[in-house]
Amino acid sequence: MDILQAAAALMAAVLPGLPGAGTGANMVDSGADGVRAARAAFNTAIAGGDAGAIAQILAEETVLVAGTNSAVIAGRAEQVAVWTADFADPGRLVYVRKTDKVMLSPLYPMAMETGTWRGAPAGNDTDWVGGAYSAKWRLIDGRWRIEAETYMTTGCGGALCDD
């Protein structure tokens, strides 16, 4: 058990009534691996066009700041609506987020994830857009949920690059 996990377990034991804290066992067992598993489930949902699965991973008041145009998508319902519309487009991009690091809060049932993202049409490695992201997660009722995500576009290829 590393120092952050130990501190999280201690906080969960000391502050069991904290909203969204879950149980002490969930804090330790879920840790960084739990965030990584939730991110993998989100990637699977994107690939499969499953907006319902995405909804289960988002906090009610989640906020997303898009990479290229910095559009703000506020709230689970709004984000699920955006994903649903995206999934209906046969030429849509399939996004994959790759976690580089997860840092657990030593004080509260939260985590910060950083990594890289890439979007490309299915079966097309030539046309792509990608960059860096950060995501803030909170353990709510024993499940990691995204409270906020910010994306920055840093590269592109093929038809997805501006001329």
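Every heavy atom of this structure was used, including side-chain atoms; hydrogens, water molecules and symmetry mates were not. From a predicted model like this one, the values you see are computed outputs, not experimental measurements. Quick note: residue numbers are just sequence positions, from 1.
Side-chain contact between Ile57 and Trp144 is absent, with no heavy-atom pair separated by less than 4.5 Å. The side-chain heavy atoms of Leu160 and Leu93, taken from C-beta on, include a pair separated by under 4.5 Å. Side-chain contact between Ile54 and Phe87 is present, with at least one heavy-atom pair separated by less than 4.5 Å. Annotation: side chain of Thr99 is not in contact with side chain of Val35 (no heavy-atom distance under 4.5 Å).
Listed by chain and number, the residues in a side chain to side chain contact (heavy atoms under 4.5 Å, CB included) with Ala159 are Asp127 (sequence neighbours excluded). Partners of Glu78 by salt bridge (charged side-chain N to carboxylate O under 4.0 Å, His left out), not counting sequence neighbours: none found. Shown here are the side chain to side chain contact (heavy atoms under 4.5 Å, CB included) partners of Ala88, two or more places apart in sequence or in another chain: there are none. For Arg97, the side-chain hydrogen bond (donor to acceptor under 3.5 Å, both in side chains) partners are Tyr151, not counting sequence neighbours.
Among residues at least two apart or in separate chains, salt bridge (Lys or Arg N to Asp or Glu O under 4.0 Å) pairs with a member in residues 38-53 are Arg39-Glu113, Arg39-Glu149.
Checking side-chain atoms of Arg76 against main-chain N and O of Leu58 turns up a donor-acceptor pair under 3.5 Å. Under the 3.5 Å distance criterion, the side-chain polar atoms of Thr153 are matched with a main-chain donor or acceptor of Thr68. With hydrogens and angles disregarded, a donor-acceptor distance shorter than 3.5 Å links the side chain of Thr62 to the backbone of Ile146. Distance alone, capped at 3.5 Å, is enough to place a donor-acceptor pair between the Trp117 side chain and the Met152 backbone.
The OG1 atom of Thr150 sits 12.0 Å away from the OH atom of Tyr133 when rounded to the nearest 0.5 Å. To the nearest 0.5 Å, atoms OG (Ser134) and NZ (Lys101) are separated by 12.5 Å. For the atom pair NZ of Lys136 and CD of Glu147, the computed distance is 3.5 Å after rounding to the nearest 0.5 Å. Rounding to the nearest 0.5 Å gives a distance of 12.5 Å between CZ of Arg138 and CD of Glu61.
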Residue pair Met112, Val102: steps toward the side-chain contact (heavy atoms from CB on, under 4.5 Å) verdict: CA-CA 6 Å; Met112 180 64 73; Val102 176; over 6 Å; no
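Placement of Tyr95 and Trp128 in two distinct hydrophobic clusters is found when ILVMFWY residues are connected by side-chain heavy-atom separations under 4.5 Å, directly or transitively. Hydrophobic cluster membership is shared by Val82 and Leu64, with clusters built from Ile, Leu, Val, Met, Phe, Trp and Tyr side chains linked at under 4.5 angstrom.
Through direct or indirect side-chain contacts shorter than 4.5 Å among Ile, Leu, Val, Met, Phe, Trp and Tyr, Val65 is connected to Val63, Val72.
In terms of heavy atoms, Ile140 sits closest to Ala59 at CD1-CB, 4.3 Å. Here the closest heavy-atom approach between residue Ala111 and residue Leu104 is recorded as CB-CD2, 3.7 Å. Between Gly131 and Thr154, the closest heavy-atom pair is CA-OG1, 3.1 Å.
Residue Asp125 qualifies as open at atom CG: its count of foreign heavy atoms under 6.0 Å is 12 or below.
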